[in-house]
Protein chains: 2
Amino acid sequence: MNLKELARKLDLSPTTVSRALNGYPEVNEETRARVAAAARRYNYAPNSRAIRLATGKAMAIGHVIPIAARHEIVNPVFADFIAGAGETYSRSGYDMVLTVVPDMDEERVYRELKARGTVDGIILHAPRLQDARLALLTEIGFPFVVHGRVTEATLPYSWVDVNNRRAFLRATEFLLDLGHRRIGLINGLEFMDFAFRRRSGFEQALAARGLTPDPALMASDEMTETAGYRAASRMLGLAAPPTALLVSSMISAIGARRAIQDRGLTLGRDVSVIIHDDELSYLRNGEAVPIYTATRSSVREAGRLAAQMLLDIIADPASAPQQRLLEAELIIGQSTGPAPQA
Amino acid sequence: MNLKELARKLDLSPTTVSRALNGYPEVNEETRARVAAAARRYNYAPNSRAIRLATGKAMAIGHVIPIAARHEIVNPVFADFIAGAGETYSRSGYDMVLTVVPDMDEERVYRELKARGTVDGIILHAPRLQDARLALLTEIGFPFVVHGRVTEATLPYSWVDVNNRRAFLRATEFLLDLGHRRIGLINGLEFMDFAFRRRSGFEQALAARGLTPDPALMASDEMTETAGYRAASRMLGLAAPPTALLVSSMISAIGARRAIQDRGLTLGRDVSVIIHDDELSYLRNGEAVPIYTATRSSVREAGRLAAQMLLDIIADPASAPQQRLLEAELIIGQSTGPAPQA
DNA sequence: TGTTTTGTCCAAAGCGGTTTGAAAATGATT
DNA sequence: AATCATTTTCAAACCGCTTTGGACAAAACA
């Protein structure tokens, strides 16, 4: 069933039927009702391919998921971020187009997405401290919103981010207040912008108390269970091991926990741990009482907000870039306690 | 830059240019070369919206991600499955369209996807023991491939699945051979087809040794850390606790491990654990030596295969339904050992 | 030499909508 | 009753490609 057929059945022109369904004013309310009824009756839904060609809009947003060539790791927060973004898109009749790309190919993919008109805008994932994609997307004229920030950007751009620096600053202060002095940081890869900011919050908190960070107590790697285990193991094996760990993700923390237990230590008593919790739906941080003390911020909510921001920008391309900084809450769980006496 | 413009620059008709670029034989090799050169030079890529309308194909595959209304849980294997499928799609010039849907709305969404012609086929995720979506998709005439199976299906359909029953059968036998007699099963929700099959493998192995499964040693819930913890805690607190656990996912196992340690028990000595490992990229089961003894099967590979199967079916709609059963390997890690003497 | 065949190219008709510009029908005004 | 304004409807152009059904020239054949 297409527009022409439906029009024929109604003894109306396609023009009128189209306008009736799209709420244009120049159509008699009575006929509009007739049209609506017939559309429902014949189960008519306008062909999206035709709409897209006619309007010149793709009604779709692109999410490019870069796969690190070396490790083949899919960022575990994607699933929830995308679930959030997807909610927003459904409400607005947009589709979400996912493209999985080996990370060297990203530029080609963006250019093609634009040239072929497959999507109207882009959500930029996993930004780096300096990120060539910002200039690229601006150059090719794609509306886009970054999930995260790009510290070394020169031009304004739209983003949704968590206040990573402040979250880690507060977490560090919390540990310092508990008497911890040797605090280990198990961070993500520090060419990633969020990881860089987290370290800077950590260092700033130490500096404020006149402490200098010990390079041996800082690790930067993929945020996997294995990497978390490795980093924690190494630190706990030092002559002067840390009494507390600041861990960049729930998943690394699982590894860190394993390392702690392998050494016969007890989490929250011998070693305190604070994590950053993205509220991944399949890795909830406990139920009533959180397992881990954590800085918490919902990545799904970030997805909703970023998607909405992008749709707003597409609706009004002349608007100035928008920003949204989310604050993480510091929630107290069972993984932290006062520093053990030396 | 569009086809007409490019044709004008070349002093050719759009017809010829189109044919030259699409490899049709009725065009002089010399002009084909000219066209190709010009296309590259002017950075021409055909508008995908126009192609789609003209050919009547969407060149896109739909993945509908149902969100359980209660728990808002995104299946953690999605990310990797989709990464695999995405690889296949890119190679074939297909897009991947993701739709996030509250699970009651699925039917409406499939019908709309079809009526609007947004996608050419569907990958069906998370099938149930009996699943109305099979009949629905068949009725509306969508080519589709199921990731998993539908035990109570009446008609043939295409699927890619792991031999869950045999995997859990073998895992159980392995534990029995180690002398374990009280084995707990921490399973996914058993209206899900894979979970049902896993339990049946478990029970079959017990039955083969004349053992009857103890209902107190079987749990069925979401495969989250929390649920894994809860189930393991409960079982270990029984008067006659299990000496081994069969756990349906890496994530539940993390919870189970926490429960084991909370009770002061040691994994692999006091309590053996075998998991099913989907090889999630951010939750690798150790490196050289696996942490957990596991039945292992790559969900990413399943994604690749399912996507390819669907593309094949779309290319040849008359073909018979295809099936692909993957065997899981049983890999030995550090989480299992002989049953402790009572 | 005239007729076929083959190799190249093109005009025009879709695909299924939206949108512009004009026509027809109705109502209001004189 | 004639004129003008307002509603309501429609025909046709357009979006940017693919594809059908020739057209035309050169080569092959009779």
Side-chain angles (χ1 to χ4, degrees), chain A residues 1-36 38-39 42-60 93-95 112-120 315, chain B residues 1-36 38-39 42-60 93-95 112-120 315:
Chain A
M1 173 62 58
N2 61 22
L3 186 65
K4 217 197 290 182
E5 267 185 85
L6 185 64
R8 203 158 30 221
K9 296 226 190 254
L10 283 161
D11 217 3
L12 286 171
S13 73
T15 311
T16 304
V17 176
S18 168
R19 300 196 136 149
L21 293 173
N22 291 314
Y24 282 76
E26 59 270 66
V27 41
N28 191 317
E29 279 309 323
E30 188 187 329
T31 53
R32 190 196 300 281
R34 261 180 69 219
V35 171
Y42 294 109
N43 228 308
Y44 168 76
N47 184 297
S48 63
R49 301 193 290 265
I51 292 184
R52 285 164 181 177
L53 181 58
T55 59
K57 293 189 281 184
M59 293 304 287
Y94 272 74
D95 284 340
E112 246 189 59
L113 244 28
K114 178 67 178 185
R116 311 185 94 100
T118 314
V119 299
D120 297 316
Chain B
M1 172 62 58
N2 61 21
L3 186 64
K4 215 198 291 182
E5 267 185 84
L6 185 64
R8 203 158 28 219
K9 294 225 193 258
L10 282 161
D11 218 2
L12 286 170
S13 74
T15 309
T16 304
V17 176
S18 169
R19 300 196 136 146
L21 292 173
N22 290 316
Y24 282 77
E26 58 270 67
V27 42
N28 190 317
E29 280 309 323
E30 188 187 330
T31 53
R32 190 195 299 281
R34 261 180 69 219
V35 171
Y42 294 108
N43 227 307
Y44 169 75
N47 184 296
S48 61
R49 299 192 293 263
I51 291 184
R52 285 164 182 177
L53 181 57
T55 59
K57 294 190 279 184
M59 295 303 287
Y94 272 74
D95 284 340
E112 246 190 58
L113 245 26
K114 179 66 177 187
R116 311 185 94 100
T118 315
V119 300
D120 297 317

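Residue numbering restarts at 1 for every chain, and letters A, B, ... go by the order of the sequence lines. If you're wondering where the values come from, they're calculated on a predicted model, not measured in any experiment.
Closest non-hydrogen pair, A/K4 versus A/P14, comes out as CG-CG, 4.4 Å.
With hydrogens and angles disregarded, no donor-acceptor distance shorter than 3.5 Å links the side chain of A/R19 to the backbone of A/E26. Remark: side-chain polar atoms of B/N22 are not paired, donor with acceptor, to backbone N or O of B/Y24 under 3.5 angstrom.
Side chains of B/Y44 and B/V17 form no contact here, defined as non-hydrogen atoms less than 4.5 Å apart. The side-chain heavy atoms of A/L10 and A/R34, taken from C-beta on, include a pair separated by under 4.5 Å. Counting heavy atoms from C-beta on, the side chains of A/E5 and A/N2 come closer than 4.5 Å. Counting heavy atoms from C-beta on, the side chains of B/R52 and A/T118 come closer than 4.5 Å.
Look at B/T16 and you won't find any side-chain N or O under 4.0 angstrom from OP1 or OP2 of C/dC9. Distances shown here put a side-chain N or O of A/N22 below 4.0 Å from the OP1 or OP2 atom of C/dT18. Using a 4.0 Å cut-off, no side-chain N or O of B/Y24 falls inside it from OP1 or OP2 of D/dT18. Phosphate contact (OP1/OP2 of D/dT19, side-chain N/O of B/S18, threshold under 4.0 Å): absent.
Here A/S48 lies out of heavy-atom contact (under 4.0 Å) with every strand.
Straight-line distance from the CZ atom of B/R19 to the P atom of D/dG21: 12 Å, rounded to whole Å. The nearest whole Å value for the distance from the CZ atom in B/R116 to the P atom in C/dG16 is 15 Å. In this structure, the CD atom of A/E26 is 13 Å from the P atom of C/dT18, given to the nearest Å. Regarding B/M1, its CE atom lies at a distance of 10 Å from the P atom of D/dC17, rounded to whole Å. In this structure, A/L12 atom CG and C/dA25 atom P are separated by 14 Å, rounded to whole Å. What separates CD of A/E29 from P of D/dT8 is a distance of 8 Å, to the nearest Å.
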Set out, line by line, the N/O atom pairs under 3.5 Å between protein and nucleotides 12-16 of chain D.
from	atom 1	to	atom 2	distance (Å)
D/dA12	N6	A/T15	OG1	3.4
D/dC15	O2	A/A54	N	3.4

